Amino acid sequence: MSNRVVCREASHAGSWYSASGSQLNAQLEDWLSKAQSTIRPARAIIAPHAGYTYCGACAAHAYKQVDPSVTRRVFILGPSHHVPLSRCALSPAEIYRTPLYDLRIDQKVYADLWKTGLFERMSLQTDEDEHSIEMHLPYTAKAMESHKDEFSIVPVLVGALSESKEQEYGKLLSKYLADPTNLFIISSDFCHWGQRFRYTYYDESQGEIYRSIEHLDKMGMGIIEQLDPMSFTNYLKKYRNTICGRHPIGVLLNAVAELRKSGLEMNFSFLNYAQSSECRNWQDSSVSYAAGALIVH
């Protein structure tokens, strides 16, 4: 029997973001210094998971709303890009490494989630191959650095859930969302446009292609701000927008809907929107990013 602690390595450090702790820290500080703290303390945020050169500045607008003095547990819900998954999965690791400092998984919450029978256990290989959760770890570490020994994380890999499963997981996680010491990070990029993504929706009335993409994304963002899971599902069915974190977003919207039944008042606002490049012809491609925060009144 081995008592060795299972660690998930920062597998995308050195490619998707800097592997140097000091360089990464300086970049994160720079991006955060340019963002406004307008709707703190956030109970949940939506932020992108691309390489930091593309989306680091955008993500800062969400992380700026995090209050480390109240947050004791950080749930990170990210979509599965590489393995087929129809449910949600938990990590086999106990520690997640980052170039800044190590993050500890909350084993008590993990045990409670495991007991529900609704979760699978992903392999360490699957965990380290996936970037949707990892890209939020350095930002989480940075946002929480003033209380770095006082919080734990709860990473959840979200599969291609049916509407009823989004509802089921939303209901299950709503009790955690109700707790002001918890923060939910919802990992998602927005439109992946271009032939390489097999998605080329274009509304000519908007002008250039990138304007059409922005209009489509902002329609979806406006629907998310209404906090109505059904409207978001209908939007996705109608336009097929390639929002890769649609299932984590769906889980959040269903958790919010559950809490609203008991009279809890909440607001979601998007604070920033960006595109990796401006598409002007059919050979171009781009990925969109949005950052927003949920507050509970």
Side-chain angles (χ1 to χ4, degrees), residues 11-18 24 27-28 30-32 34-35 45-63 77-84 129-136 138-139 158 160 185-225 231-250 269-292:
S11 48
H12 293 75
S15 51
W16 290 54
Y17 58 94
S18 174
L24 181 61
Q27 287 172 336
L28 294 172
D30 181 51
W31 288 320
L32 286 163
K34 292 171 179 156
I45 61 173
I46 293 176
H49 54 236
Y52 281 2
T53 50
Y54 295 105
C55 76
C58 174
H61 293 268
Y63 279 93
L77 275 58
S80 175
H81 285 88
H82 306 298
V83 295
D129 287 347
E130 181 55 64
H131 63 274
S132 73
I133 293 172
E134 181 181 340
M135 296 310 294
H136 291 281
Y139 252 121
V158 178
I185 295 170
I186 306 300
S187 176
S188 186
D189 298 336
F190 274 71
C191 185
H192 296 61
W193 194 94
Q195 286 165 28
R196 72 190 182 102
F197 298 120
R198 296 190 292 283
Y199 187 76
T200 50
Y201 170 87
Y202 177 41
D203 175 358
E204 286 179 20
S205 71
Q206 297 303 318
E208 297 273 16
I209 293 172
Y210 72 89
R211 295 263 187 222
S212 165
I213 296 168
E214 180 172 356
H215 183 257
L216 178 70
D217 279 331
K218 290 196 168 167
M219 199 191 310
M221 289 156 67
I223 288 166
I224 292 168
E225 288 179 337
S231 299
F232 185 57
T233 298
N234 290 339
Y235 160 83
L236 291 171
K237 280 181 183 164
K238 182 173 180 183
Y239 295 101
R240 302 265 172 234
N241 193 0
T242 43
I243 299 171
C244 55
R246 56 191 172 276
H247 298 298
I249 293 170
S269 303
F270 277 101
L271 303 161
N272 189 259
Y273 175 79
Q275 294 176 351
S276 59
S277 59
E278 291 185 347
C279 291
R280 295 169 190 275
N281 64 60
W282 296 103
Q283 280 68 52
D284 291 344
S285 66
S286 72
V287 180
S288 310
Y289 315 114

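All values derive from a computational prediction rather than experimental measurement.
- Across all their heavy atoms, Ala13 and Ser18 have their closest contact at CB-O, 4.4 Å.
- Here NE2 of His12 is found 5.5 Å from CD of Glu134. Values are rounded to the nearest 0.5 Å.
- A side-chain donor-acceptor contact under 3.5 Å links Ser188 to the backbone of Gly245.
- A donor-acceptor pair under 3.5 Å is absent between the side-chain atoms of Tyr273 and the main chain of Ser288, judged by distance alone.
- Using a 4.5 Å heavy-atom threshold, the side chains of Pro138 and Tyr52 count as touching.
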query: Could you walk me through whether Ile46 and Ile224 pass the side chain to side chain contact (heavy atoms under 4.5 Å, CB included) check?
result: CA-CA 10 Å; Ile46 293 176; Ile224 292 168; 4.0 Å; yes
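- Closest approach of Tyr139 and Gly56 over heavy atoms only: OH-O, 2.7 Å.
- Gln275 places no side-chain N or O within 3.5 Å of a backbone atom of Ser286 that could act as its donor or acceptor partner.
- Across every non-hydrogen atom of Cys244 and Pro79, the tightest pair is O-CB, 3.3 Å.
- Here CG of Asn272 is found 4.0 Å from NE2 of His61. Values are rounded to the nearest 0.5 Å.
- Every salt bridge (charged side-chain N to carboxylate O under 4.0 Å, His left out) that Asp30 has, sequence neighbours left out, goes to Lys34.
- Atom NE2 in His82 sits 8.5 Å away from atom OG in Ser132 (nearest 0.5 Å).
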query: How far apart are the C-alpha atoms of Trp193 and Tyr202, what are their side-chain angles, what is the distance that settles it, and do they pass the ring pair (Phe, Tyr, Trp, His ring centres under 6.0 Å) test?
result: CA-CA 10 Å; Trp193 194 94; Tyr202 177 41; 7.5 Å; no
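- Interatomic distance, Leu32 CG to Tyr63 OH, rounded to the nearest 0.5 Å: 10.0 Å.
- Pairing each heavy atom of Ala291 with each of Cys58, the nearest pair is CB-O, 3.2 Å.
- Once rounded to the nearest 0.5 Å, the distance linking NE2 of His192 with CD1 of Ile213 reads 11.5 Å.
- A salt bridge (charged side-chain N to carboxylate O under 4.0 Å, His left out) check over residues 195-212, counting only residues at least two apart or in different chains, returns the pairs Glu208-Arg280.
- A donor-acceptor distance shorter than 3.5 angstrom exists from the side chain of Asn281 to the backbone of Asp284, with no hydrogens or angles considered.
- Closest approach of Gln195 and Thr200 over heavy atoms only: N-CG2, 3.9 Å.
- Below 30°, between 30° and 60°, or above 60°: for Tyr239 and Tyr235 the angle between ring planes is between 30° and 60°, a tilted geometry.
- No side-chain N or O of Tyr201 forms a donor-acceptor pair with one of Ser212 less than 3.5 Å apart.
- Pairing each heavy atom of Cys279 with each of Ser285, the nearest pair is SG-C, 3.5 Å.
- Legend: residues meeting ring-ring contact (aromatic ring centres under 6.0 Å, His included) with His49, ordered by chain and number and at least two apart, are His81, His131.
- Asn241 CG to Phe232 CZ: the interatomic distance, rounded to the nearest 0.5 Å, is 8.0 Å.
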task: Test Tyr289 against Ser276 for side chain to side chain contact (heavy atoms under 4.5 Å, CB included), laying out the working first.
output: CA-CA 8 Å; Tyr289 315 114; Ser276 59; 3.6 Å; yes
